[in-house]
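Read the structure below first, then the notes.
What you see is a predicted model, and the numbers here were worked out from it, not measured in a lab. When a ligand or atom number is given, it counts from 1 through the structure's own listing order. All values below come from the heavy atoms of this structure, side chains included, with hydrogens, waters and symmetry mates left out.
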Amino acid sequence: MSLAQQRLRARYGDDAHTPEAACTALIEQLLDHRSVRAYLPDAVSEEMLAAIIAAAQSAASSSNLQAWSVVAVREAATRAALAECAGDQAHMREAPLQLVWLADLARLARLGAQTGRPVEALDYTEMLLVGVIDAALAAQNAAAAAESLGLGTVYIGGLRNQPETVASLLDLPPGVIAVFGMCVGHPDPTRAAALKPRPPQSVVLHREKYSLSAQDEGITSYNTTMAEFYAAQQMKVRGTWAEHSAKRIAGPHTLSGRDRLVDALHERGFKLK
Ligand SMILES: Cc1cc2nc3c(=O)[nH]c(=O)nc-3n(C[C@H](O)[C@H](O)[C@H](O)COP(=O)(O)O)c2cc1C
C-alpha cells in the first residue's frame, strides 16, 4: 500500500475513496497532518521561522488588505503566561515557539490616518471577519509549511479565553485581537501523535444543494470510527463523537470564558456594527 493510501485509510477507514491518481506530494503532506502536543526542547531556527512566515504571507488575503499579523514568542516566561490564559495547556510551555495569530485592523487604521482618510468601515463586523479569515488562511499555510519541514504544530484557540490579558502580554494596540495561538516545535518521537480520523466525505461534501439528513449515515459511521480511535489511543472520552460534540455546545458554561467574547472585542476597539 502506498503512503497516500495508508494515510487515506487512517482518515477514512476502509471507505478511503480519493483516487490515488489525484494525489500530489502536497496532498500527501496535508493528509499526514496531526496536532502535536509533545515537543523536544530544541529551538526552531530563524531560517525555519522565516520560511514558515513566507508561506503564511503567500496565502490569499481579502482585497490584499493583509489584515493580519503574527507575534512569534520564544521567551519561556511569556509562553508560560500565555499558557495560563489558555487554561494552562502544558504543551504551550513545552513547545519552544508560540505563534500568536492576530486579526489586525490597527495597521489599516494607521494607513487611513497617514493618508488623511476616514476609516469608518473598520467599525463593521465584516472587517473583523476579514481579519480573522486572513489570519486563519495565513496560519494554515504556516502550519502546513512547518509540517513539511518536519516540525509539529497545534492551534491554541484557548487564547480566546482571556483576550485582554493576551493583548496586554503582547502589547497589542486597539483594533488587534489574538484569533488563536500555535505551538511550533520539533515533535518528541517518543510521544508521537496519531493521525485522527475524519468523517466520510458524504458528511461535508454536498453536491449542488445542501442536505442535513444526507449526513446521518456518515455520522453514524464516524461515531464507530472514533470509538475505535479513542479505544486504540486509550483516550477516556465519554459517549460517541456526536454526544461529545453536543456536550461541547450545551451552553455558555461550555465556552471556557469565551461567552464574553463580544465584550472583549468591544474592549479591544472593535465596534461590531
Ligand atoms: C482554531 C483551532 C483551535 C484549537 N485549539 C486547541 C487548543 O486550544 N488546544 C489544543 O490542544 N488543541 C487545539 N486545537 C486542535 C484540535 O483539537 C485538533 O485540530 C482536532 O482535534 C483534530 O485533530 P488533528 O489536528 O490531530 O487532526 C485547535 C484547532 C483549531 C483549528
Selection residues 123-137 - residue pairs positive for side chain to side chain donor-acceptor pair (under 3.5 Å), sequence neighbours left out
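Listed once each, the pairs are Ser61-Asp134.
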Any atoms of ligand 1 less than 4.0 Å from a non-hydrogen atom of [X]? List them with their elements.
X      : answer
Lys196 : 20 (C), 21 (O), 22 (C), 23 (O), 27 (O)
Gln89  : 7 (C), 8 (O), 9 (N), 10 (C), 11 (O)
Gly157 : 3 (C), 4 (C), 5 (N), 6 (C), 7 (C), 8 (O)
Ser35  : 15 (C), 18 (C), 19 (O), 24 (P), 25 (O), 26 (O)

Under 3.5 Å: N/O of [X] near N/O of ligand 1:
X      : value
Tyr155 : yes
Arg34  : no
Ala194 : no
Gly158 : yes
His91  : yes

Does either side chain, that of Gln215 or that of Tyr210, offer a donor lying less than 3.5 Å from an acceptor on the other one?
yes
Under 3.5 Å side-chain donor-acceptor pair for Gln162 and Thr165
yes
Neighbour count above 12 (heavy atom, 6.0 Å) for [X] [atom1]:
X      : atom1 : value
Glu217 : CD    : no
His244 : NE2   : no
Arg74  : CZ    : yes

Classify the contact between Met92 and ligand 1 as side chain, backbone, both or neither, using a heavy-atom distance cut-off of under 4.0 Å.
neither
Taking Asn141 for its side chain and Gln57 for its backbone only, find out whether a donor-acceptor pair lies under 3.5 Å.
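A pair under 3.5 Å: no.
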Measure the distance from [atom] to every protein heavy atom, then report the residue, atom name and distance (to 0.1 Å) of the closest one.
atom                    : result
atom 27 (O) of ligand 1 : Arg198 NH2, 2.7 Å
atom 11 (O) of ligand 1 : Arg37 NE, 2.7 Å
atom 1 (C) of ligand 1  : Phe180 CD2, 4.0 Å

Glu94/Arg191 salt bridge by N-O under 4.0 Å criterion
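Glu94 and Arg191: salt-bridged.
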Could you tell me whether Lys273 and Glu120 make a salt bridge, using a distance below 4.0 angstrom between a side-chain N and a carboxylate O?
no
